[in-house]
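Note on naming: letters A, B, ... go to the chains in the order of the sequence lines (proteins, then strands), and numbering restarts at 1 for each one.
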Amino acid sequence: MEKYDYKSIEAKWQKVWDEKQAFAAGTDYSKPKYYALVEFPYPSGAGLHVGHPRSYTALDIVARKRRMQGYNVLYPMGWDAFGLPTENFAIKNHVHPAEVTKQNIARFKSQLRALGLSFDWNREINTTDPDYYKWTQWIFLQLFKKGLAYKKEMAVNWCTSCKCVLANEEVVNGVCERCGSEVVRRNKSQWMLKITAYAQRLIDDLDDVDYIDRVKSQQRNWIGRSTGAEVDFTTTEGDVLTVYTTRPDTLFGATYMVISPEHPVIEKWADKLNNIDDVRAYREEAAHKSDFERTELVKDKTGVRLDGVRAVNPVNGTEIPIFVSDYVLMTYGTGAIMAVPAHDDRDWAFAKKFDLPIVEVVKGGNVQEAAFTDCATGVMVNSGFLDGMSVEEAKKAITEFLTEKGVGHAKVNYKLRDWVFSRQRYWGEPIPLVHCDKCGWVPVPESELPLRLPDVDSYEPTDDGESPLAPMTDWVNTTCPCCGAPAKRETDTMPQWAGSSWYFLRYMDPHNDEALASKEALEYWGPVDWYNGGMEHTTLHLLYSRFWHKFLYDIGVVPYKEPYSKRTSHGMILGQNPHSFVNLPEDEKKALIEQFGDEKGARRHLVEKYGEMAEHPVVKMSKSLGNVVNPDETIDEYGADTMRLYEMFIGDFEKSAAWSQKAIKGCRRFIERVWSLFDKIQPGDAYSAENEVAMHRTIQKVSEDIENLKMNTAIAQMMTLLNQLYDKGVNRAEYRTLLALLNPFAPHVTEELWQMLGESDLLSLHTWPSFDESKTVESTIEIAVQVNGKVKGKVVLPTDCAKDEALAAAMADAKIQSAIAGKNVVKSIVVPNKIINLVVR
RNA sequence: GCGGACAUGGCGGAAUUGGCAGACGCACUGGAUUUAGGUUCCAGCGGUUUCACCGUGGGGGUUCAAGUCCCCCUGUCCGCACCA
């Protein structure tokens, strides 16, 4: 038999699949459909990362299995190509971003093709294609027409390096998610999308979809629903200050109030405040703090008391002071709180610092030492008519009381904020709106879409926060579609998340120029049956696209309320840290130990030299560490089949895993052994008696494991089977089944071997093997026999044999007899087909 | 601080959900083939004082039986973070 020549085999079958259009999704809508989806990549200049194929291969396996099971499968791929890195590269190298995008896509595409992924390339999409973003703009216009897009002057997150506004979701620990630079607050007029209008539905409908739990809980957490009450406090100025609280039960314990530095009432009261200068100074200080500084100082509370105005507690008439402090946010609730230091950690810290009274209203802790925040066990005290109630009872009673008196009511709040939707950059979808002095903001007529990005001389972002499109007067100056008067175009563009918020719909009917997709296609293909992607998109892309989809559902464009039936998530592929002690070559380890006394000293030295990360043997791949694994080289050295198999075998799919240049060899050996087994095939149309159970078990295990993304154990099972076939012999029927099971994982080599068997059809489109559950069990089974819980012997019994028979066989065993000799068997447990345990004394 | 996940050989990881811990692979050790290296094949591979005992981060508990269930502790990772 010839040598396993993976290079020519892989090239050959990729060409055949392409020529035969083997993986094109069919348009026969009477067949059962399956829509498998992976997140389309941002085509960066760095090319494909070894992390990309982990997700793509896993769902490729699912898609290939579904095809073999007879489904009409849609497994598409495209490009999320708008975005800053491309624009920055274009600026630096004086090329048009469209040109950069084209080159990057070409590279990505050839890399993906080399992996043998069964994408339907006829349906390839690109978010920067005007025929695509025409519909992104169209959806935006529908949002605008329904009042869900609005422009607002507000404090926004401004990345000092990207010179661009960021969404809340793009700010991580006070710095830019993308570039890590400082993010500051700036007041700017921005387009906003009212995602908050969908907050409750985005929570509720999670009950109807099959997402892994951590995705659901992270989304719920991000939306942040809380229930409580709004309470009106009158003030000595007569104005009413409304607060939001989740603990209305503690109202009797409110000993002061705090308002946010941005609260409008401050300027209203300016004349009445004896210390207005101090208050203004404090407000200025707070405004100039970056998000980073504000979160840095979490522990230390600052604030200024409003001297001259006091509030009145509505339940007991007590006059209480009002403070300004930046621990109260203008963007949540009403921007004002009632402070109950006895039962809230932050209020407690503030009260201690400013020496304010702490009044216990829920019994159960020592409120002079720490706030008592437990809601489950406490009993109300010092609270008039609430005394003696539990916290839950008191919440209900006080809310009813406030409602009756007209000074409060139950209220639900969400942490979720509206989506800041404009960016002051070039490489994004133009926002299709025109501003007319007479008519205000007017949509570009739908017949004029797409509104194309004009060519500009400079893509440079500007320090004053204007879009690079702003100086393009020819483009900017237009006429009002409404009244014909001179008007100006919006020059901001959409954020990168726009194009990806609906792309899965376009795959269903990618060439339609009359609608984003036809009704029939939307009805047939949707919703996505299985969507896999990264955890980092849980609160961004995944939430945004659910929002857009619900909106499209509301206006009758799509016929179902959730876009994705099932969502799973893969772990990252990490690299070895070359600076970590355990990864050093042995001689270097020795040298360091000698130099610094012991391993501890050597490690300390490495931490001093390279920082804390030296203690982590496994880290993210990065150019600076030189631990980036190049997929092209890996495919060149081992082949795509080996690479696919290894990425699936590397570990638990949901957890991050470290790439090992050594471990990949095991997968290559496995394929070589499958190849070599070909020479040992005996004739036979049915499984041999010796292998039958193993065959059925393997089919069952592989079939089930694929559904649960347990690819590592599916492969282990096939390896076990292969070992047995080497041991016990293999016939044609067995070999055919092995090839079919392995095909989704290693499609090229199995296709080649299939052809070598004399088959003329494509294995990729052949039927998936079936198993008979009754044939997955052996007729006899070896059972461990324990004495007092310790294994003392083993007996071979017929499967499902009677308990007394099993017990008799165990007692007859010589080893067991000696283990229980001279003792009394006081109890015997027989679990059929599992274990026998004798309790002796 | 709040929420979630996790802890098993030298390493990645299995364990039918309470029933023989360490499947499968990597690395390693011996042997065979080979001029040699690589490849391939055979055997071994948790620990120890090896006819046995001890072993799933540590301590307690439930049970005939615990990696798996309960309580406490320690550690790691992730998400959110002054959200009232």
Side-chain angles (χ1 to χ4, degrees), chain A residues 172-174 213-222 224-226 228 243-247 250 258 260 294-295 297-301 325-329 331-340 343-347 349-350 373 413-417 535-536 538-539 571 582 616-618 645-646 649-652 654-667 669-670 672-673 676 697 701 704 710 712-723 726 776 782-794 826-840:
Chain A
V172 177
N173 294 329
D213 287 341
R214 53 191 183 133
V215 168
K216 282 194 187 184
S217 66
Q218 247 181 64
Q219 287 215 348
R220 287 202 187 98
N221 207 297
W222 185 263
R225 182 184 202 266
S226 73
V243 303
Y244 171 70
T245 177
T246 56
R247 295 292 304 274
T250 61
V258 187
S260 156
R294 255 178 128 148
T295 49
L297 304 167
V298 166
K299 298 282 173 275
D300 192 29
K301 298 272 181 293
S325 174
D326 65 1
Y327 84 89
V328 173
L329 310 174
T331 46
Y332 184 78
T334 61
I337 62 155
M338 67 178 208
V340 185
H343 305 290
D344 181 279
D345 291 324
R346 294 150 303 181
D347 297 345
F350 192 86
T373 56
N413 258 327
Y414 303 90
K415 288 192 216 173
L416 186 71
R417 314 279 161 79
M535 278 311 284
E536 70 273 22
T538 301
T539 52
V582 296
H616 298 274
V618 170
L645 210 56
Y646 175 60
F649 191 58
I650 195 166
D652 187 329
E654 287 195 8
K655 289 192 194 140
S656 54
W659 186 273
S660 158
Q661 212 52 255
K662 283 178 186 162
I664 193 170
K665 288 185 179 150
C667 293
R669 260 198 281 268
F670 170 64
E672 297 260 14
R673 272 162 60 78
S676 306
R697 270 193 194 161
K701 179 87 178 134
E704 289 172 2
K710 300 232 170 263
N712 52 341
T713 49
I715 294 167
Q717 178 65 33
M718 289 188 279
M719 287 172 166
T720 308
L721 176 68
L722 182 69
N723 291 342
Y726 263 97
T776 59
E782 191 186 57
I783 301 279
V785 183
Q786 298 178 332
V787 175
N788 286 348
K790 297 208 163 120
V791 179
K792 294 289 176 184
K794 287 171 188 186
V826 294
K827 193 172 179 183
S828 57
I829 293 104
V830 180
V831 183
N833 302 332
K834 295 243 165 105
I835 206 149
I836 297 167
N837 191 10
L838 306 172
V839 185
V840 301

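Residue A:Ser676 is out of contact with every strand shown, counting any heavy-atom pair closer than 4.0 Å. Among the heavy atoms of the strands, none lies under 4.0 Å from A:Glu672. Using a 4.0 Å heavy-atom criterion, one finds that A:Asp213 contacts no nucleic acid atom at all. At the heavy-atom level, A:Arg697 lies nowhere under 4.0 Å from the strands shown. The residue A:Ser660 sits apart from the nucleic acid: no heavy atom pair falls under 4.0 Å. Within the 4.0 angstrom heavy-atom criterion, base atoms lie near A:Glu782. In this structure, A:Val831 reaches the bases: a heavy-atom distance under 4.0 Å links it to at least one base atom across the strands shown.
For A:Lys665 and A:Ser226, each mapped to the nucleotide of RNA chain B holding its nearest heavy atom, the one lying further toward the 5' end belongs to A:Lys665. Toward the 5' end of RNA chain B, the nearer of the two residues A:Ile337 and A:Ile783, judged by each one's closest nucleotide, is A:Ile783.
Side-chain atoms of A:Ile836 and A:Ile829, non-hydrogen and from C-beta on, never get closer than 4.5 Å to each other. The closest side-chain heavy-atom distance from A:Ile664 to A:Gln661 is below 4.5 Å. Residues A:Val340 and A:Arg247 are not in side-chain contact: their nearest non-hydrogen atoms beyond the backbone lie 4.5 Å or more apart.
When each of B:rG79, B:rA84, B:rG19 is scored by its nearest atom to the side-chain atoms of A:Thr246, the top-ranked nucleotide is B:rA84. Here the nucleotide nearest the side chain of A:Thr245, chosen from B:rG79, B:rA84, B:rC82, is B:rA84. Side-chain atoms of A:Ala663 lie closest to B:rC26 of the nucleotides B:rC53, B:rC80, B:rC26. The side chain of A:Lys790 lies closest to B:rC54 when the candidates are B:rC54, B:rA23, B:rC20. Comparing B:rC64, B:rC80, B:rA84 by their nearest atom to the side chain of A:Trp222 picks out B:rC80. Residue A:Gln218 places its side chain closer to B:rG79 than to any other of B:rC64, B:rG79, B:rA84. Distance from the side chain of A:Asn837 is smallest to B:rA65 among B:rA65, B:rA84, B:rA81.
Side-chain nitrogen and oxygen atoms of A:Lys662 include none within less than 4.0 Å of the OP1 or OP2 phosphate oxygen of B:rA27. The phosphate of B:rA84 (OP1 or OP2) has no side-chain N or O of A:Tyr327 nearer than 4.0 angstrom. For B:rA27, the OP1/OP2 oxygens have a side-chain nitrogen or oxygen of A:Arg669 closer than 4.0 Å. The phosphate of B:rG25 (OP1 or OP2) has a side-chain N or O of A:Asn723 nearer than 4.0 angstrom.
Between the CG atom of A:Asp347 and the OH atom of A:Tyr327 there is a distance of 4.0 Å, given to the nearest 0.5 Å. If you take CZ on A:Phe649 and CE on A:Met719, they are separated by 4.0 Å, rounding to the nearest 0.5 Å. Distance check: A:Leu329 CG to A:Ile337 CD1 gives 10.0 Å after rounding to the nearest 0.5 Å.
A glycosidic torsion no more than 90° from 0 defines the syn conformation, and B:rG9 adopts it. By the rule that a glycosidic angle within 90° of 0 means syn, B:rU17 counts as syn.
Residues passing the side-chain contact (heavy atoms from CB on, under 4.5 Å) test with A:Lys655, sequence neighbours excluded: A:Asp652.
A cation-pi contact, defined as under 6.0 Å to the ring centre and within 45° of the axis, is absent between A:Lys301 and A:Phe350.
Between A:Glu704 atom CD and B:rU17 atom P the separation is 11 Å, expressed in whole Å. In this structure, CG of A:Leu645 is placed 16 Å from P of B:rC24, rounded to the nearest angstrom. Summarising the geometry, the separation between OH on A:Tyr332 and C1' on B:rA81 is reported as 13 Å, rounded to the nearest angstrom. In this entry the distance linking OH of A:Tyr414 with C1' of B:rA81 reads 21 Å, nearest Å. Atom CG of A:Leu838 and atom P of B:rA65 are 13 Å apart (whole Å). Separating the CE atom of A:Met338 from the P atom of B:rA84 is a distance of 12 Å, rounded to the nearest angstrom. B:rA15 atom C1' lies 14 Å from atom CD1 of A:Ile835, rounded to whole Å. A:Leu329 places its CG atom 7 Å from the P atom of B:rC82, with the value rounded to the nearest Å.
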- Query: What string of B, S and - do you get for nucleotides 4-14 of chain B 5' to 3' if you count protein non-hydrogen atoms under 4.0 Å?
  - Reply: --------BSS
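Using modelled atom types, one finds a donor on one side chain and an acceptor on the other under 3.5 Å when comparing A:Tyr244 with A:Ser226. Using modelled atom types, one finds no donor on one side chain facing an acceptor on the other under 3.5 Å when comparing A:Arg225 with A:Asn413.
The main-chain N or O of A:Lys792 is never found under 3.5 Å from a side-chain atom of A:Gln786 such that the two would form a donor-acceptor pair.
For RNA chain B, if you chain together Watson-Crick or G-U pairs that step i with j, i+1 with j-1 and so on, the runs of at least three with distances under 3.5 Å are B:1-7 with B:74-80, B:10-12 with B:24-26, B:28-32 with B:40-44, B:46-48 with B:52-54, B:57-61 with B:69-73.
Ion pair A:Glu704/A:Lys710 not flagged as a salt bridge, since none of the NZ, NE, NH1 or NH2 atoms sits closer than 4.0 Å to an Asp/Glu carboxylate oxygen.
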